[in-house]
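Numbers restart at 1 for each chain; the letters A, B, ... are given by sequence-line order, proteins then strands. Predicted, not measured: the structure shown is a model, and the values here were computed from it.
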Number of protein chains: 2
Amino acid sequence: MVEAATRLIERLARVLQNDAHKHGLKPAQWEALRYLAAANRFSRSPGALTAWLGVTKGTVSQTLQALERKGLIEKRPAPGDRRGVRLDLTEAGDRLLADDPMGDLDAAVAGLPREAREALGASLEAVLKAMLARRGGRPFGACRSCMHFRPNHDRGAPHLCNLLNEPLSVEDGERICVEQEAAA
Amino acid sequence: MVEAATRLIERLARVLQNDAHKHGLKPAQWEALRYLAAANRFSRSPGALTAWLGVTKGTVSQTLQALERKGLIEKRPAPGDRRGVRLDLTEAGDRLLADDPMGDLDAAVAGLPREAREALGASLEAVLKAMLARRGGRPFGACRSCMHFRPNHDRGAPHLCNLLNEPLSVEDGERICVEQEAAA
DNA sequence: TCATTTGGTATCGAGTCGATACTTTACGCC
DNA sequence: GGCGTAAAGTATCGACTCGATACCAAATGA
């Protein structure tokens, strides 16, 4: 037999994918847009997006071309590596995200009582971690919760990334990072 | 700000979709296969699958053609309606389902403590119900929990469907039904 | 009986996705 | 410095999804 929760997750995933056709975008395009809005500057690259989505880089390249054609993102050379590309949302991309179809899910989740919401988060985190471990995917947590994060570093910038040796703003600390490695 | 659980569901959905490329099938094909394995005989039609997946009937028609080409399902005329098609898994389809990539999710869910698992199910059910209500999707519950379900009817068959006036086996009662309408 | 609804299929265009091949740049090691 | 290899992206192919539209045949019903 199959766990009831398993079936529910499966069905919910399908419903979500159906909703993700708003405004003429595809599910994968919405996911890319959301990622770019939430990732820090070291992680707004095709490569990082590839790892986040878990698809091949060829696929990501095409999705990014589609988003660029629609004027929702911009590509520019990455500072410090002439092979790389730095991705940024345009104004239009930012505006479109206000109508993210995922907002409906968020509203539904917000409708749960507080303890249920917290328990849901904890259980989902455990399940996701197990799934990622099984396949060797990166966790992609917030910069702030990373072992390379040095808070209150106080040398011109609030914080510091000890891996890349880069200054971090307070806002940076909240963003998603490809390099994130859970603190001990 | 966005609920933590919302981000987790979003990510989990993506991971699941990535896993669903096993054995050369596509995510949609696995979903169709699973549905056909779990649906009762009144619900194993292209139309019911269309409602379940929430896509257009043209899309479903193509997915079913792909599954038929691969020898995983069979189409036969529906009894009682010469327009309709009755879908059934073949032996090969049944065997393939034993290696359902969704099994990994189920294992992860099964790894949770019992209360967490139950709380997870309850919360997800509430969220899913809210999402379906917003868009007018069918609930698709188990036959047994339907307002048309008449248990222990004892006229040659264990139970009865009062809507279609059809006898139901014990096993039928556990299966998914398109017509399901939650009991009062 | 005849219009309408219902169950499915056919076809088109845009996009996803894995696979493979390719280009350019970076990097490690003598 | 030079060379081989790794890494970041792009290009292209084929199978498939998906919405949209058009279509056909059987059921329904006024």
Side-chain angles (χ1 to χ4, degrees), chain A residues 13-33 35 42-70 72-73 75-87 101 135 164 178-179, chain B residues 13-33 42-70 72-73 75-87 101 135 178-179:
Chain A
R14 160 57 57 174
V15 167
L16 255 29
Q17 209 203 17
N18 292 341
D19 280 342
H21 286 271
K22 245 187 187 172
H23 295 292
L25 294 203
K26 304 284 177 171
Q29 296 174 358
W30 278 111
E31 289 189 81
L33 231 46
Y35 173 80
F42 318 123
S43 307
R44 288 203 295 276
S45 65
L49 182 56
T50 295
W52 172 261
L53 293 178
V55 296
T56 60
K57 39 188 193 164
T59 299
V60 167
S61 184
Q62 291 182 83
T63 298
L64 291 173
Q65 283 169 14
L67 288 175
E68 198 180 19
R69 269 200 310 277
K70 291 170 199 263
L72 302 174
I73 65 168
K75 292 181 179 179
R76 62 188 69 198
D81 189 335
R82 266 183 303 176
R83 297 169 305 178
V85 170
R86 161 61 88 26
L87 304 167
R135 58 151 70 214
L164 306 172
V178 222
E179 308 289 358
Chain B
R14 159 58 57 175
V15 168
L16 254 28
Q17 208 204 17
N18 292 341
D19 280 342
H21 285 271
K22 244 186 186 174
H23 295 294
L25 294 202
K26 303 284 177 172
Q29 297 175 356
W30 279 110
E31 289 189 82
L33 231 46
F42 317 123
S43 308
R44 288 203 296 276
S45 65
L49 181 56
T50 296
W52 173 262
L53 293 179
V55 295
T56 60
K57 41 189 192 163
T59 298
V60 168
S61 186
Q62 292 182 82
T63 297
L64 290 173
Q65 282 171 15
L67 288 175
E68 198 181 18
R69 270 200 310 277
K70 292 170 200 261
L72 302 174
I73 65 169
K75 292 182 181 179
R76 60 188 69 199
D81 189 334
R82 267 183 302 176
R83 297 169 303 176
V85 169
R86 162 62 86 31
L87 305 167
R135 60 152 70 214
V178 223
E179 307 289 358

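- For the pair B/Lys57 NZ and D/dA20 P, the computed distance is 14 Å after rounding to whole Å.
- Looking only at side-chain heavy atoms (C-beta outward), B/Pro77 and B/Val85 stay at 4.5 Å or farther from each other.
- Counting any heavy atom pair closer than 4.0 Å across all strands shown, B/Arg69 reaches sugar-phosphate atoms only and no base atom.
- Taken to the nearest 0.5 Å, the OG atom of B/Ser45 stands 11.0 Å off from the CZ atom of B/Arg83.
- Rounding to the nearest 0.5 Å gives a distance of 8.5 Å between CD of B/Gln62 and OG1 of B/Thr56.
- Each of B/His21 and B/Ser45 has a nearest nucleotide on DNA chain C; the 5'-most of these lies closest to B/Ser45.
- Between atom CG of residue A/Leu87 and atom OH of residue A/Tyr35 there is a gap of 9.0 Å, rounded to the nearest 0.5 Å.
- Evaluation of atom-type donor-acceptor distances gives a pair under 3.5 Å for the side chain of A/Arg83 against the base of D/dA7.
- A/Glu31 comes within 4.0 angstrom of no nucleic acid atom, judged by non-hydrogen atoms across all strands.
- Candidate nucleotides C/dA10, D/dA26, C/dG15 were compared by shortest atom distance to the side chain of B/Gln65, and C/dA10 ranks first.
- Here C/dG8 presents its C1' atom at 13 Å from CD1 of B/Ile73, a figure rounded to the nearest Å.
- For the OP1/OP2 pair of C/dG18 and a distance below 4.0 Å, the side-chain nitrogens and oxygens of B/Lys22 include no atom meeting the criterion.
- One can place CG of A/Asn18 at 8 Å from P of D/dC18, the figure rounded to the nearest angstrom.
- Side-chain nitrogen and oxygen atoms of B/Arg82 include at least one within less than 4.0 Å of the OP1 or OP2 phosphate oxygen of D/dA27.
- Remark: A/Gln29 is in phosphate contact with C/dT16, judged by side-chain N or O atoms under 4.0 Å from OP1 or OP2.
- Remark: P of D/dA15 and CG of B/Leu67 are 16 Å apart, rounded to the nearest angstrom.
- Distance check: B/Arg14 CZ to A/Leu16 CG gives 12.0 Å after rounding to the nearest 0.5 Å.
- Between the CG atom of A/Leu25 and the P atom of D/dG19 there is a distance of 14 Å, rounded to whole Å.
- In terms of phosphate contacts, B/Arg86 brings no side-chain nitrogen or oxygen within less than 4.0 Å of OP1 or OP2 of C/dG8.
- Of the candidate nucleotides C/dG18, C/dG15, D/dG19, C/dG15 has the atom nearest to the side chain of A/Lys70.
- Base engagement by A/Gln62 is indicated by at least one non-hydrogen atom pair under 4.0 Å involving a base atom.
- Distance CG (B/Asp19) to P (C/dC17): 13 Å, rounded to an integer number of Å.
- Nearest-nucleotide mapping onto DNA chain D: of A/Ala78 and B/Gly58, the residue sitting toward the 5' end is A/Ala78.
- If you measure from atom CG of B/Leu72 to atom C1' of D/dC16, you get 15 Å, rounded to the nearest angstrom.
- One finds the CD atom of B/Gln17 at 5.0 Å from the CD atom of A/Gln17 (value rounded to the nearest 0.5 Å).
- For A/Thr63, a side-chain nitrogen or oxygen approaches OP1 or OP2 of C/dT16 to under 4.0 Å.
- In terms of position along DNA chain D, the nucleotide closest to A/Thr59 lies nearer the 5' end than the nucleotide closest to the other residue of the pair A/Gln17 and A/Thr59.
- Rounded to whole angstrom, the span from the NZ atom of B/Lys26 across to the P atom of D/dG14 amounts to 14 Å.
- Residue contacts shown for A/Thr50 are absent, as no nucleic acid heavy atom lies under 4.0 Å away.
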